[in-house]
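FYI, side chains are in, hydrogens and waters are out, and symmetry mates aren't considered; it's all heavy atoms of this structure.
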Amino acid sequence: MKKITKFFALSFILLLFNVSAAQTARLQAIHNCADAAAATVDVYVNGILLLDDFAFRTATPFINAPAGVPLSIDVAPGNSTSSAQSLYNLTTTLTANETYILVANGIVSASGYSPSQPFELSVFAQGREFASNSGNTDILVNHGSTDAPTVDVVETSVPAGIIVDNISYPSFTADYLQLPTADYTLNVTNAAGTTVVASYAAPLNTLGLQGQAFTVLASGFLNPAQNSNGPAFGLWVALASGGNLIPLPLIQTARLQAIHNCADAAAAAVDVYVNGILLLDNFAFRTATPFIDAPAGVPLSIDVAPGNSTSSAQSLYNLTTTLTANETYILVANGIVSASGYSPSQPFELSVFAQGREFASNSGNTDILVNHGSTDAPTVDVVETSVPAGIIVDNISYPSFTADYLQLPTADYTLNVTNATGTSVVASYAAPLNTLGLQGRALTVLASGFLNPAQNSNGPAFGLWVALSSGGNLIPLPVLPLSNKSFYNPDLKIYPNPASTVLNLYIPSNSVEKSAIIVDMSGRVIKFLSSFTNKIDVSDLTNGLYIINLNLDGKAVSEKFMVFR
C-alpha cells in the first residue's frame with residue numbers, strides 16, 4: 001500500500017501543477033470488483049498512470065485531487081502499458097472542497113458471471129474522513145455484490161431494527177449512519193425481511209473506531225458457483241486511511257422460537273434478557289415469537305425476569321447455553337415461579353427442543369411437535385379417533401416434547417387426551433388442520449393450563465393450544481363434549497336456540513381478536529370464521545346439534561346450539 005499511496009499522491013501533485021487554479025477535492029478509491037479478470041487494475045487520470053496494480057478489496061487513502069477541471073479516469077487491466085487499453089472510462093469534473101468516494105463494482109468478463117452487471121465506478125459525493133460527532137462512528141454503505149438482491153440491514157443486538165432499508169446494487173445509502181460507538185450484530189436480509197442472507201458482528205467499540213468514518217461494502221458473490229467460483233459474499237470495511245479492506249466477522253446463527261406457556265399468574269408477562277440485553281419486553285402467556293436468528297457457537301445467558309423489570313439482575317430463572325450453528329430450536333417456558341398457591345409446584349424452566357421445523361418436511365402434510373406443559377396433568381396419550389389413527393402420542397409426561405414431529409396428512413382430526421393406560425379420557429378436541437389451511441406448515445401443540453384450577457390459584461383451565469411458526473397468540477384447539485350433556489358458559493349467550501338462519505352472540509367483553517369454529521357432534525369441522533360480528537349466518541347448516549368454539553383474545557369459549565327450520 002506504500003507504493004500505491006506514494007505514487008497516488010505524487011501523480012496528483014503533478015496533475016495539480018498542470019492546472020491554472022489550485023482548486024482541490026478530497027478523494028478515496030476502493031476496488032470492489034470481484035471479477036477475476038480485474039483482480040488487479042491500473043488506473044489512469046488524463047492518460048497518466050495513477051494506480052499501478054490496484055488490487056481487489058483494497059482502498060487508497062483520501063488525497064487531494066484536482067477540482068474544477070475535466071478528469072478522464074480510465075480503468076485498465078493490471079500491468080497495462082497505457083490508457084489506450086482502458087476497460088472503462090469515466091470523465092468527470094470534481095467540485096472544489098468536496099469529498100468523494102469512488103467504488104469499482106461490476107463485471108468486466110464477457111461470460112462466466114450471472115448476473116453480469118457491467119463494470120462501473122460508483123461515485124458518492126459528501127464523503128467523510130472523520131465522524132461528524134467525536135463520540136460516534138459514521139458508516140457509509142455500498143451494495144457492491146452483483147448477484148445479491150435488494151436487501152435490508154437489521155441491527156439485532158440493541159436492537160435498533162432496520163438501519164439500512166431497501167439498498168440495491170450498486171447504490172450507496174443516502175447518507176452516513178451516525179452510530180454510537182458500540183459492538184453491534186447485523187443481519188443482512190431480503191427486502192421483505194423474511195430471509196436472512198448472513199449475520200455479521202460489527203465490533204466498532206472493540207476495534208477502537210470512535211470518531212472515525214468509513215465505508216462498508218457488500219462484496220463478493222452469494223452464489224460463487226454461478227460466478228466462476230469467485231470470492232464469497234461478505235461485508236468489508238474500507239477505512240479512511242486506506243489499505244486492505246477489513247472483513248466483518250461472519251456470525252454463526254441458529255434459528256429459535258420462544259413460547260410462553262407458564263400458567264402461573266406471577267409470570268403472566270415476563271421480560272427475557274440475553275447476555276444482559278433486553279430481548280423480549282412483557283412477553284405474554286400463551287404467545288410465541290416467530291423464528292428468529294440467534295448467535296450460535298457462543299455462550300448465551302438467558303434470563304427470565306418479571307414483566308416491567310429494569311435489568312437481568314431481577315432474573316427469576318437463568319439458562320446458559322451455546323446454540324449449534326444452523327440448528328433450529330424451540331424454547332418453551334413451563335412451570336411455576338410462585339412459592340405457594342400451586343399444586344403440584346413444578347419449578348419454572350425453559351424446555352428446549354432442537355431439530356425444530358418452520359415448515360413441514362413434506363408440502364402435503366402438517367408437521368406437529370407436542371409439548372406437555374400442564375403442571376398438574378398426568379402422563380397422557382393422545383388418541384386420534386376420527387380416521388381413526390389410534391394412539392399418535394404415547395406416554396408423554398410433563399415437561400417433555402415428543403421425540404420428533406408427527407407428520408400428518410393435512411385433514412381435520414378428532415383427538416382424545418387420555419391417561420397413559422387409555423382408561424380415562426381427560427378431554428377431547430377438534431384439530432381442524434385442513435379447515436385452518438395448515439398444509440405445508442410445522443407447528444407446536446402444547447398442553448397448557450391446569451386440570452384442576454381450584455388447586456392452582458384459579459388459573460387458566462387445561463387445553464391444547466397451537467403455536468404457529470409465525471408466532472403471535474397461541475390458538476386453542478376447539479373442545480369437544482365428552483357426553484351429550486348440555487354445558488353452560490357464563491361468558492357467552494347465544495340466541496335464538498334453536499336457530500334457523502342467524503345465530504346471535506352476546507359476548508360481554510371488548511374482545512379485539514375473535515375467531516370461531518363450528519363443529520358437529522362427531523367433531524367434524526363445519527365452518528371456520530377468522531373473524532365475526534355478533535351475528536353468524538347458519539342458513540347453510542342442516543338441522544342438528546352443533547358446538548360453537550370461540551377464540552376471544554386467546555380465551556377459549558364454547559357453547560352448544562341447535563339448527564332447526
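Put simply, the side chain of His143 gets close to the backbone of Pro149: a donor and an acceptor are under 3.5 Å apart. With Asn105 contributing its side chain and Ser122 its backbone, the two residues share no donor-acceptor pair below 3.5 Å. When atom types are taken as modelled, the side chain of Asp52 and the backbone of Asn79 share no donor-acceptor pair closer than 3.5 angstrom. Looking at Asp271, its side chain never comes within 3.5 Å of a backbone N or O of Asp281 through a donor-acceptor pair. Without hydrogens or angle criteria, Asp152 side chain to Ala192 main chain gives no donor-acceptor distance under 3.5 Å. When atom types are taken as modelled, the side chain of Asn227 and the backbone of Ser114 share a donor-acceptor pair closer than 3.5 angstrom. Of the possible donor and acceptor atoms, one in the side chain of Thr402 sits under 3.5 Å from a partner among the backbone N and O of Val370.
Trp236 places none of its side-chain heavy atoms less than 4.5 Å from the side chain of Leu248. Proximity of Val352 to Tyr329: side-chain heavy atoms (C-beta onward) are separated by under 4.5 Å at one or more points. Using a 4.5 Å heavy-atom threshold, the side chains of Ser315 and Val304 count as separate. Using a 4.5 Å heavy-atom threshold, the side chains of Leu443 and Ser469 count as separate. Counting heavy atoms from C-beta outward, Thr58 and Phe56 have side chains that stay 4.5 Å or more apart. With a 4.5 Å cut-off on side-chain heavy atoms, Ile107 and Thr146 count as touching. Side chains of Ile139 and Val237 form no contact here, defined as non-hydrogen atoms less than 4.5 Å apart.
Taking each heavy atom of Asp404 and Phe353 in turn, the nearest pair found is CA-CZ, 4.5 Å. For Ala29 against Leu51, the heavy-atom pair with the smallest separation is CB-CD1, 4.5 Å. Minimum interatomic distance between Thr181 and Gln210 (heavy atoms only, all atoms of both residues): OG1-CA, 3.4 Å.
Atom CD1 of Ile73 is separated from atom CG of Leu90 by 5.0 Å, given to the nearest 0.5 angstrom. Here the straight-line distance linking atom CG of Leu438 with atom CG of Leu468 works out to 6.5 Å at 0.5 Å rounding. With rounding to the nearest 0.5 Å, the separation of CD in Gln23 from OG1 in Thr93 is 11.0 Å. Put simply, CG on Leu217 and CG on Asn32 are 5.0 Å apart, with the number rounded to the nearest 0.5 Å. Here the straight-line distance linking atom CD1 of Ile162 with atom OG1 of Thr189 works out to 6.5 Å at 0.5 Å rounding. Rounding to the nearest 0.5 Å places CZ of Arg357 at 10.5 Å from OG1 of Thr328.
Ring geometry for Phe348 against Tyr317 counts as perpendicular: the plane angle is over 60°, on a 0 to 90° scale with 30° as the lower cut. Note: Tyr200 and Phe233 have tilted aromatic rings, judged against thresholds of 30 and 60 degrees for the angle between ring planes. Classification of the Phe221-Tyr113 ring pair by plane angle, with boundaries at 30° and 60°, yields tilted. By the 30° and 60° cut-offs, the orientation of the rings of His31 relative to Phe54 is tilted.
Within 6.0 Å of the CG atom in Asn166, the count of heavy atoms belonging to other residues, nucleotides or ligands exceeds 12. Counting heavy-atom neighbours within 6.0 Å of Gln85 CD, excluding the residue itself, gives a total above 12.
Looking at Ser80 and Tyr44, their side chains do bring a donor and an acceptor atom within 3.5 Å of each other. Between the side chains of Asn365 and Ser363, no donor N or O sits under 3.5 Å from an acceptor N or O.
A salt bridge links Arg255 with Asp293: the distance from a Lys NZ or Arg NE/NH1/NH2 to an Asp or Glu carboxylate oxygen falls below 4.0 Å.
The side-chain hydrogen bond (donor to acceptor under 3.5 Å, both in side chains) test with Ser199 singles out one residue from Asn187, Thr253, Thr156, and that residue is Asn187.
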